[in-house]
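Accompanying notes for the structure given below.
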Protein chains: 2
Amino acid sequence: MCNDYNLVTNINFEYLLIAWLVNLMRPSFDELKKELNMRNINLSYQRLKVLEYLTQNQCHPTVDHIFTDLHKDIPTLSKTTVYNTLRILVEVGLVRVVTIEDNETRYDIITENHGHFKCESCGTIYNFSMDIDSLTSEDLDNFKIKDKDVYFKGLCPKCLSKYK
Amino acid sequence: MCNDYNLVTNINFEYLLIAWLVNLMRPSFDELKKELNMRNINLSYQRLKVLEYLTQNQCHPTVDHIFTDLHKDIPTLSKTTVYNTLRILVEVGLVRVVTIEDNETRYDIITENHGHFKCESCGTIYNFSMDIDSLTSEDLDNFKIKDKDVYFKGLCPKCLSKYK
DNA sequence: TACTAAGTTGTAATCATTACACATTAATTA
DNA sequence: TAATTAATGTGTAATGATTACAACTTAGTA
Ligand SMILES: [Mn+2]
Ligand SMILES: [Mn+2]
Ligand SMILES: [Zn+2]
Ligand SMILES: [Zn+2]
């Protein structure tokens, strides 16, 4: 459905190495299943397929992307089930919501902190590394911060090269 | 409709001073009108009222907030007009969109860079100062960045004190 | 097997936003 | 000024994402 290499925007050894390391540190599919088990969440066939889809399509798919693609293999699948499954996965913290633009909720299996860049021309959402954990503001001294999101918008290299 | 002092979350001299300076630097209502004139955008009564509302209610109102409040004074106002006006104001850069949560597009007359914090308990969206312009990532060397948004979520001091 | 709870499905309801046709107002020209 | 044209506003219908809900199916248990 999409290529999943958008973390690696500059193709060189350094970035390939980082991408490889990041992937190594990510929980495996089996570990995700174990995590769900620990929280007493039954992994039905439909839920498994949604989780599998997210691990294989890390391009921040919408509900419609997930449903449309899975529906080809599982003709009985209901969109409601996709919604329900995603809600559960978000609740237990295995999936994060990306709301970089209104009217298109997207889902991300990578919950480790990273930034998101949306290209205004082609619509692709790129990941980028950033030490978001260390972002802070004096104004928020008395606030309890639970989530931090960094969203950039503009033009990606592919689209920039088109207009030269 | 809302108090507009949420930029100042720590009430002390330093922050009051910063808030005052920020306000001084902000374009005045007359300057906003001038800006629209320069761009050949006619400021009708309805558009003027929406702009005025945004300058007086800096709490990131939704379309519904704006419409409901203005409708009391202007019974003939149409919600479509509010939508149209906001689209124009965003296009010319006088207003920014805040999409910290899906299904509730909010509008902000303050276009200077600052972060947004949404309290998960009371729903209030607070501004906080942060040098967002200087945020960057090596991964984006070849990208053209046009917009940067920083969104935090958690609990605000008011709500935290309730649960003690 | 009968019972129960969890999970899935399809449809209807909701809500924000957009599309569009028509009405009104402002600006321009004869 | 009156007629014409363009810009703006209005109300309703259409769209699309999400949620609510009731019926159906499956898995587990006695
Ligand atoms: Mn991501
Ligand atoms: Mn703001
Ligand atoms: Zn692009
Ligand atoms: Zn609060």
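All chains are named by letter (A, B, ...) in the order of the sequence lines, taking the proteins before the strands, and each is independently numbered beginning at 1. Please read all numbers here as calculations on a predicted model, not as lab measurements.
The CD1-P distance, from A:Ile74 to C:dG10, rounds to 12 Å in whole Å. Rounded to whole angstrom, the span from the NE2 atom of A:His71 across to the C1' atom of C:dT9 amounts to 11 Å. In this structure, B:Leu43 atom CG and D:dG9 atom C1' are separated by 14 Å, rounded to whole Å. Taking atom OH of residue B:Tyr107 and atom C1' of nucleotide C:dA16, one finds them 10 Å apart after rounding to whole Å. In this structure, CG of A:Leu86 is placed 10 Å from P of D:dT18, rounded to the nearest angstrom. When rounded to the nearest whole Å, the span between CD1 of A:Ile41 and P of C:dG7 equals 9 Å. The distance from atom CG of B:Asp102 to atom C1' of C:dC15 is 12 Å, rounded to the nearest whole Å. Between the NZ atom of A:Lys49 and the C1' atom of C:dG7 there is a distance of 18 Å, given to the nearest Å.
When the side-chain nitrogen and oxygen atoms of A:Thr105 are compared with OP1 and OP2 of D:dT18, one or more of them lie within a distance under 4.0 Å. When the side-chain nitrogen and oxygen atoms of B:Ser44 are compared with OP1 and OP2 of D:dA7, none of them lie within a distance under 4.0 Å. In this structure, A:Arg87 does not reach the D:dT18 phosphate: none of its side-chain N or O atoms is under 4.0 Å from OP1 or OP2. An OP1 or OP2 oxygen of C:dT8 is reached within less than 4.0 angstrom by no side-chain nitrogen or oxygen of A:Ser78. Proximity of A:Gln46 to the phosphate of D:dT26: no side-chain N or O atom is located under 4.0 Å from OP1 or OP2.
You'll find the side chain of A:Val150 stays beyond 4.5 Å of the side chain of B:Tyr151, heavy atoms only. Between A:Asp139 and B:Tyr126 the shortest side-chain heavy-atom distance does not fall below 4.5 Å.
Residues satisfying the side chain to side chain contact (heavy atoms under 4.5 Å, CB included) test with A:Thr68, not counting sequence neighbours, are A:Asp64. Residues meeting the salt bridge (Lys or Arg N to Asp or Glu O under 4.0 Å) test with A:Arg96, sequence neighbours left out: A:Asp149. When the salt bridge (Lys or Arg N to Asp or Glu O under 4.0 Å) test is applied to A:Arg106, the partners found at least two apart in sequence or on another chain are A:Glu104.
If one axis is set at each end of the helix from C:dT1-D:dA30 to C:dA30-D:dT1 from five pairs, those axes are 0° apart, to 10°.
Residue-level contact check: B:Thr62 touches neither bases nor backbone, having no heavy atom under 4.0 Å from any strand.
Every pair tested for ring pair (Phe, Tyr, Trp, His ring centres under 6.0 Å) that includes a residue from residues 77-100 of chain A fails, sequence neighbours excluded, so the list is empty.
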Inset, instruction - List the protein contact pattern of nucleotides 18-27 of chain C with one symbol per nucleotide (5' to 3'): B for base contact, S for sugar-phosphate-only contact, - for none; contact means a heavy-atom distance under 4.0 Å. - result: BBB-------
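Annotation: of the two residues near DNA chain D, B:Thr85 and A:Asp64, the 5′-most nearest-nucleotide partner is B:Thr85.
Among B:Thr124, B:Asp108, B:Thr105, the one residue that satisfies the side chain to side chain donor-acceptor pair (under 3.5 Å) test with B:His60 is B:Asp108.
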Inset, instruction - Evaluate the side chain to side chain donor-acceptor pair (under 3.5 Å) criterion for residues B:Ser134 and B:Asp131: first the C-alpha distance (whole Å), next the side-chain angles of each, then the deciding distance (0.1 Å), finally the verdict. - result: CA-CA 6 Å; B:Ser134 69; B:Asp131 187 11; 3.1 Å; yes
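Taking every heavy atom of both residues into account, B:Asn113 and B:Lys148 meet most closely at OD1-O, 3.8 Å.
With hydrogens and angles ignored, the 3.5 Å screen pairs a side-chain donor or acceptor of B:Thr85 with a backbone N or O of B:Thr81.
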